[in-house]
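Chain letters run A, B, ... following the sequence lines, proteins first, then strands; residues in each count from 1. All figures in this text were calculated on a predicted structure; none of them were measured in a lab.
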There are 2 protein chains.
Amino acid sequence: MPKKTTADVPLQLGSQLCFAVYSTAHAFNRVYKPLLDRLGLTYPQYLVMLVLWEGDGLTVKEIGARLFLDSGTLTPLLKRMEALHLLTRTRSAEDERQVLVALTGQGSALREKAKAIVPPAILDATGCSIAELADLHGKLVKLRERLEAAVE
Amino acid sequence: MPKKTTADVPLQLGSQLCFAVYSTAHAFNRVYKPLLDRLGLTYPQYLVMLVLWEGDGLTVKEIGARLFLDSGTLTPLLKRMEALHLLTRTRSAEDERQVLVALTGQGSALREKAKAIVPPAILDATGCSIAELADLHGKLVKLRERLEAAVE
DNA sequence: AACAATTATATTGTGCGCAATCGATTTGCG
DNA sequence: CGCAAATCGATTGCGCACAATATAATTGTT
């Protein structure tokens, strides 16, 4: 039985950080769920709406690039959102390989409701100051970039 | 059309933090995948092994409490791990409602291999100093606690 | 002892998330 | 021009993640 040494601590810290990220993501999801239920959206669907609210008429590829998701995830997700009449999916005329995703009137309209409900509740649930939020956000983005780089 | 005000920034920061956590979790998963493939494990399965390596003979409930997962997730996951001969699931004699999860010889043995492969690669992929790891870990755990408290 | 409430696990159904594969279109190179 | 390579999206299959529900065992109360 190998004994524990202090040298193991930094090795375990990496794993602990990953689990902290993983479990915090789940905790966030549990906070979002009742809020998003009122909008009829799941969290990944809400992310797609956030992207489209910023700028309409994107291809699946472009949405995927912003959310770090691929077509295997997005195609069925977008189809469900199309069935909910939140958006339309149409083949591009210039490049028939691409599918353009655009908001419906209903999809656009949902923005104001979402804005009133979601961000205030989330901010409150974090119990964080603006400085804390900005600090954590910045550090996570940097970490994510390094992890993505490590995968190549 | 309501104009953007500086007052919106803190509201959006909460959402941005959530997405940072969400996308960093995925990035971690992409780093872990090729490593865990060599062990024949998925990341949630690896988490279960980490818990069992610390102390064997736990109930499903106890494993769930440590990983923030419920039986709907754990039962099929543990069954797959049982099929891989990593662990056994037996009804407790004292309380027939409980299922005791114990490592097999194979499951215990996997620990040394995992220790050699996973933590060094993860630590390297984060590109973080020990201080950064500890800082982020601590802040995420605090955030997770506040989020869990917000859900009640 | 009988029965209601609680607890532990299992089951079902829905929705991601991603690897692998496929078909169709477009691009690029000789 | 003609064909190989690359690109985009859809499909399939597997494994979480969780809500809702079901089942069985235990505990508590009278």
Below 3.5 Å, can you tabulate the donor-acceptor pairs from side chains in residues 64-72 of chain A to any protein atom, sequence neighbours excluded?
| from | atom 1 | to | atom 2 | distance (Å) |
| --- | --- | --- | --- | --- |
| A:Asp70 | OD1 | A:Gly72 | N | 3.3 |
| A:Asp70 | OD1 | A:Thr73 | N | 3.2 |
| A:Asp70 | OD1 | A:Thr73 | OG1 | 3.4 |

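- Applying the side chain to side chain donor-acceptor pair (under 3.5 Å) definition to pairs two or more places apart or across chains, those involving residues 84-95 of chain A are A:Glu82-A:Arg89, A:Asp95-A:Arg97.
- Applying the ring pair (Phe, Tyr, Trp, His ring centres under 6.0 Å) criterion to B:His26, with sequence neighbours excluded, gives B:Tyr22.
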Can you give each donor-acceptor pair under 3.5 Å made by side-chain atoms of residues 140-148 of chain A, sequence neighbours left out, with the distance rounded to 0.1 Å?
| from | atom 1 | to | atom 2 | distance (Å) |
| --- | --- | --- | --- | --- |
| A:Arg144 | NH1 | B:Ser23 | OG | 2.7 |
| A:Arg146 | NE | B:Thr126 | O | 2.9 |
| A:Glu148 | OE2 | B:Arg30 | NH2 | 2.7 |

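- For residues 91-102 of chain B, proximity to DNA chain C is found at B:Arg91, B:Arg97, B:Gln98, B:Val99, defined as any non-hydrogen atom under 4.0 angstrom from a strand atom.
- An OP1 or OP2 oxygen of C:dT11 is reached within less than 4.0 angstrom by a side-chain nitrogen or oxygen of B:Lys79.
- For the pair A:Ser71 and B:Lys61, both in contact range of DNA chain C, the more 5′-proximal nearest nucleotide belongs to B:Lys61.
- Under the side chain to side chain donor-acceptor pair (under 3.5 Å) criterion, A:Glu96 pairs with no residue at all, not counting sequence neighbours.
- Summarising the geometry, the separation between CZ on A:Phe68 and C1' on C:dC16 is reported as 17 Å, rounded to the nearest angstrom.
- Taking CD1 of A:Ile122 as the start and OH of A:Tyr32 as the end, the distance is 4.0 Å to the nearest 0.5 Å.
- Residue contacts for B:Leu74: at a heavy-atom cut-off of 4.0 Å it reaches no nucleic acid atom on any strand shown.
- Looking only at side-chain heavy atoms (C-beta outward), B:Leu86 and B:Leu103 stay at 4.5 Å or farther from each other.
- For B:Lys79, there are no side chain to side chain donor-acceptor pair (under 3.5 Å) partners two or more places apart in sequence or in a different chain.
- For the pair B:Ile63 CD1 and C:dA8 C1', the interatomic distance rounds to 13 Å; values are reported in whole Å.
- Between the P atom of C:dC18 and the CZ atom of B:Phe28 lies a distance of 15 Å, rounded to the nearest Å.
- Partners of A:Glu132 according to the side chain to side chain donor-acceptor pair (under 3.5 Å) rule, which considers only residues two or more places apart in sequence or in another chain, are A:Ser129.
- Closest-nucleotide positions on DNA chain D for B:Gly72 and A:Thr59 were compared, and the one nearer the 5' end corresponds to A:Thr59.
- Residue pairs meeting the side chain to side chain donor-acceptor pair (under 3.5 Å) criterion with at least one member in residues 41-51 of chain A, sequence neighbours excluded, do not occur.
- Across residues 29-50 of chain A, A:Thr42, A:Pro44, A:Gln45 each have a non-hydrogen atom less than 4.0 Å from an atom of DNA chain C (numbered order).
- Contacts of A:Arg38 classified as side chain to side chain donor-acceptor pair (under 3.5 Å), with partners at least two apart in sequence or in another chain: none.
- With a heavy-atom cut-off of 4.0 Å to chain B, the contacted part of DNA chain D has its first and last nucleotide at D:dG15 to D:dT26.
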